[in-house]
A.B. asks: 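Below is the structure I would like to discuss, written out as structure tokens.
All heavy atoms count here, side chains included; hydrogens, waters and symmetry mates do not. A note on names: the letters A, B, ... follow the listed sequences, proteins ahead of strands, and every chain is numbered from 1.
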Number of protein chains: 2
Amino acid sequence: MSELSAQERIKIAATKVFTLKGLEGARMQDIADEANINKAMLHYYFRNKKQLFEIIFEEKLHKIFGAMELLIFSKDAFENRIRAFVEKQISIVLEFPVMPIFVMLEVRKNPELLEGKFKNIPLDVIRDNFRKVIDAEVMSGNIRRISLEELLMNVMSLCIYPIIAEPILKYVLDLNQESYFELIEARKKSVSDLIINDLKILK
Amino acid sequence: MSELSAQERIKIAATKVFTLKGLEGARMQDIADEANINKAMLHYYFRNKKQLFEIIFEEKLHKIFGAMELLIFSKDAFENRIRAFVEKQISIVLEFPVMPIFVMLEVRKNPELLEGKFKNIPLDVIRDNFRKVIDAEVMSGNIRRISLEELLMNVMSLCIYPIIAEPILKYVLDLNQESYFELIEARKKSVSDLIINDLKILK
DNA sequence: GTCTATAGGCGGATAGAC
DNA sequence: GTCTATCCGCCTATAGAC
């Protein structure tokens, strides 16, 4: 912990506190405590709360969309790319389950957060490429006709929701930590199976 | 608006503000403004912020789990029950898309929120019944072997995530309000199809 | 029941010593 | 770079008039 620079420790601490409490609910004192640092130092390294928040938020956004590039620029077979993406996506969310909740909520509070934060991520290129990949598979008769939108919604839903909703699912299904975790691990395969079986049903 | 009682208007206003801002981020003044009422009146009708919050939270929880009972106590064929549940679930979440995000986040902040709030909802009965229904279908050879846990995670994911993640999905997929809404409407059918096709693949 | 005024405390931000 | 002390505004909560 202490071998990290002050900046690093602050950012890690701020991520923890902001993701749980949100911009307005977070206390600078909590972040300072979590980082094992003086409250005044937060203002030394980052001018104010808002600025610290925006830096954290932007980093998290890039992490999320980084995985999507991986899905596009592989040369593997379509089915394998789906499998790789599902595994990667589940692993990323498992690292920090509150993060997607945090992003979804903050974006609703403040829609401008999305705008202009994507200079480096070419979403249009990713979309175009992925549509071409899907169309090629459809043309070859490998998969049924499906839109990029529907496929992506399905995959993202099945990967992300069961992890972000952990406390509720554990409660509703009466699961302990261990069996919940086994279920999620098994999903790295079963989600791909579900998606791929759906694609292979030719209509 | 004004034909509603003060209590009712406060609760509606508080729901709006709390779901977006969370317990700590919400301002009593914002709730008062939203309810078109004096700030002092909030404390007249509800002793304090925490108590107002808990009342709202509990109501939302019951709304979520109310839909699950509907899934169990129908006498319709299994496939139709799935279809009915998916439609109902999507409709409920569409009514108030921030609500699941709010619940997921608050429960993570404060795990005790779940405990003791379910005197009236017999989760264990619902689980047992649903397991029996699934087992009967498996025995009759109608569906493949699947656990309650996996099935529920899949259905909930596909219904809830695309709605709570609306702003992100619209941005990533470059959708306008209209085409996004069409996609979600179409999911009332396509999600059921996906789930049912998966169940019918006998392994 | 409704409203104004104000108490009281918390939290972000800064000044300034070291 | 680090820490203490402190300012000041904001927000919950209540007192008390009507």
A.B. asks: Test of understanding: with side-chain hydrogen bond (donor to acceptor under 3.5 Å, both in side chains), list the residues that count as partners of Glu185(A), not counting sequence neighbours.
C.D. replies: Lys188(A)

A.B. asks: Expressed in angstrom and rounded to an integer, what is the separation of Leu42(A) atom CG from dG11(C) atom P?
C.D. replies: 14 Å

A.B. asks: Which atoms of nucleotides 4-8 of chain C (N or O only) lie under 3.5 Å from a protein N or O atom, and what are those distances?
C.D. replies:
residue : atom : partner  : partner atom : Å
dT4(C)  : OP2  : Asn38(B) : ND2          : 3.4

A.B. asks: Holding to salt bridge (charged side-chain N to carboxylate O under 4.0 Å, His left out), I want the full list of residues that pass it with Arg47(B), two or more places apart in sequence or in another chain.
C.D. replies: none

A.B. asks: Once side-chain hydrogen bond (donor to acceptor under 3.5 Å, both in side chains) is applied, what residue pairs with a partner in residues 100-110 of chain A remain, sequence neighbours excluded?
C.D. replies: Glu106(A)-Lys109(A)

A.B. asks: Taking side-chain hydrogen bond (donor to acceptor under 3.5 Å, both in side chains) as the test, write out the residues that go with Lys21(B), two or more places apart.
C.D. replies: Glu24(A)

A.B. asks: Check every nucleotide of DNA chain D for an atom under 4.0 Å from a heavy-atom of chain A, then give the first and the last such nucleotide from 5' to 3'.
C.D. replies: dG1(D) to dT4(D)

A.B. asks: Taking distance alone, no hydrogens or angles, what donor-acceptor pairs closer than 3.5 Å link side-chain atoms of residues 161-172 of chain A to residues at least two apart or in another chain?
C.D. replies:
residue   : atom : partner   : partner atom : Å
Glu166(A) : OE2  : Lys170(A) : NZ           : 2.9
Lys170(A) : NZ   : Gln177(A) : OE1          : 2.4

A.B. asks: Does the distance from a Lys or Arg side-chain N to an Asp or Glu carboxylate O, for Arg83(A) and Glu87(A), drop under 4.0 Å?
C.D. replies: no

A.B. asks: Listed in order of residue number, which residues of residues 45-54 of chain B have a non-hydrogen atom at under 4.0 Å from DNA chain D?
C.D. replies: Asn48(B), Lys49(B)

A.B. asks: Quick one: list whatever passes side-chain hydrogen bond (donor to acceptor under 3.5 Å, both in side chains) with Glu137(B), sequence neighbours left out.
C.D. replies: Asn142(B)

A.B. asks: Could you work out, with side-chain hydrogen bond (donor to acceptor under 3.5 Å, both in side chains) as the rule, every residue matching Glu59(A), not counting sequence neighbours?
C.D. replies: Lys11(A)

A.B. asks: Quick one: list whatever passes salt bridge (charged side-chain N to carboxylate O under 4.0 Å, His left out) with Lys63(A), sequence neighbours left out.
C.D. replies: Glu95(A)

A.B. asks: Can you list every pair that meets side-chain hydrogen bond (donor to acceptor under 3.5 Å, both in side chains) and has a residue in residues 150-160 of chain B, with sequence neighbours left out?
C.D. replies: Arg187(A)-Asn154(B)

